[in-house]
Amino acid sequence: MSMLNDVACVLASQEELKQICKDLGEQITKDYEGKNLLVVSVLKGAVVFMADLLREIKCDCRIDFMAVSSYSGTKTTGVVKIKKDLDVDVAGCDILIVEDILDSGLTLSYLKKILEDRNAASIKICTLLDKPENRKADIKADYIGKVIPDEFVIGYGLDYDEKYRNLPFVGVLAEHVYADK
C-alpha cells in the first residue's frame, strides 16, 4: 500500500514549502545580521524544515540539535523528555529554535525555559506550522510558516509512528490509519 493512500489532503505543497523557507530565511537574515546566531533544531521532525531553511539564511550561524518527546501516537502526553541535549554552551548566543509544529506549546515552553536558564542572549522560535487551536501553554512563535487547523499532519519531517517523514509535502493523516489504535 502506498503512503499516499494514507493522506487525506495536502495542506502545504512542495512549492509552498519552498516559498515559506525563502520568506522566513530572508526575514531571519535581516533580524540576525551581526548577531551570534545559534539555530537549534528539535529532532526529529524539524530536521527537513531546518535543512531547507538554513539554505535560505544568508548570515553567519551555527547549528545544534535537541531531541525531545511529548507524543504518544496522535496525542501529546504533556510530559516533555530530553532525549538528546545540545553540544554547545548557549550562554550569550542568540538562539533560534526551529520546530516543525507548534501545537500544544508544552514542549517549546519547556525548551525555552531551559535555554533561558542557560543564559542565552535571546531566544526566538521559528515554526513551520502553527496549530493555535490546540495551545495549552502561553507561547507564540516569532516566525510562522503556515497556520493550520487542528488536524494530525504528516510529511516534510512530521511523522506518525516514525512513518511518512519522507513525504515531500505536508498532508493530513487519513483517519483510517489511526482510528483503531
Full working for salt bridge (charged side-chain N to carboxylate O under 4.0 Å, His left out) between Glu162 and Arg165: CA-CA 7 Å; Glu162 294 297 325; Arg165 291 189 194 277; 3.2 Å; yes

Can you tell if the side chain of [X] reaches within under 4.5 Å of the side chain of [Y], non-hydrogen atoms only?
X: Tyr143; Y: Asp31; value: yes
X: Asn166; Y: Val48; value: no
X: Arg62; Y: Cys93; value: yes
X: Tyr156; Y: Asp52; value: yes
X: Ile28; Y: Leu96; value: yes
X: Glu56; Y: Leu24; value: no

So with a 6.0 Å cut-off around [atom1] of [X], is the heavy-atom count from everything else above 12?
X: Lys58; atom1: NZ; result: yes
X: Lys113; atom1: NZ; result: no
X: Asp150; atom1: CG; result: yes
X: Asp60; atom1: CG; result: no

Quick check against the 3.5 Å criterion: does [X] have a side-chain atom that pairs as donor or acceptor with the backbone of [Y]?
X: Lys84; Y: Phe65; value: yes
X: Asp64; Y: Val88; value: yes
X: Lys146; Y: Glu16; value: no
X: Arg135; Y: Leu102; value: yes
X: Asn134; Y: Ser104; value: no

Within one Ile-Leu-Val-Met-Phe-Trp-Tyr cluster: [X] and [Y], side-chain cutoff 4.5 Å:
X: Leu4; Y: Leu173; answer: yes
X: Tyr178; Y: Val7; answer: yes
X: Ile82; Y: Leu38; answer: yes

Rounded distance (nearest 0.5 Å) linking atom CD1 of Ile125 with atom CD1 of Ile95: 11.0 Å

CA sep, side-chain torsions, deciding dist, call: Leu111, Val40, side-chain contact (heavy atoms from CB on, under 4.5 Å): CA-CA 11 Å; Leu111 284 181; Val40 174; over 6 Å; no

NZ/NE/NH1/NH2 to OD/OE distance under 4.0 Å, Lys30 and Glu26: no

Test log, rule side-chain contact (heavy atoms from CB on, under 4.5 Å), inputs Ile63 and Met50: CA-CA 10 Å; Ile63 66 170; Met50 181 182 177; 3.3 Å; yes

Worked verdict on Ile97 versus Ile123 for side-chain contact (heavy atoms from CB on, under 4.5 Å): CA-CA 7 Å; Ile97 301 171; Ile123 302 168; 3.9 Å; yes

From Leu129, Leu128, Ile144, residue fulfilling side-chain contact (heavy atoms from CB on, under 4.5 Å) relative to Ile20: Leu128

Residues which pass side-chain hydrogen bond (donor to acceptor under 3.5 Å, both in side chains) with Tyr164, listed by chain and number, not counting sequence neighbours: Asp6

For Glu133, all residues meeting side-chain hydrogen bond (donor to acceptor under 3.5 Å, both in side chains), sequence neighbours excluded: none

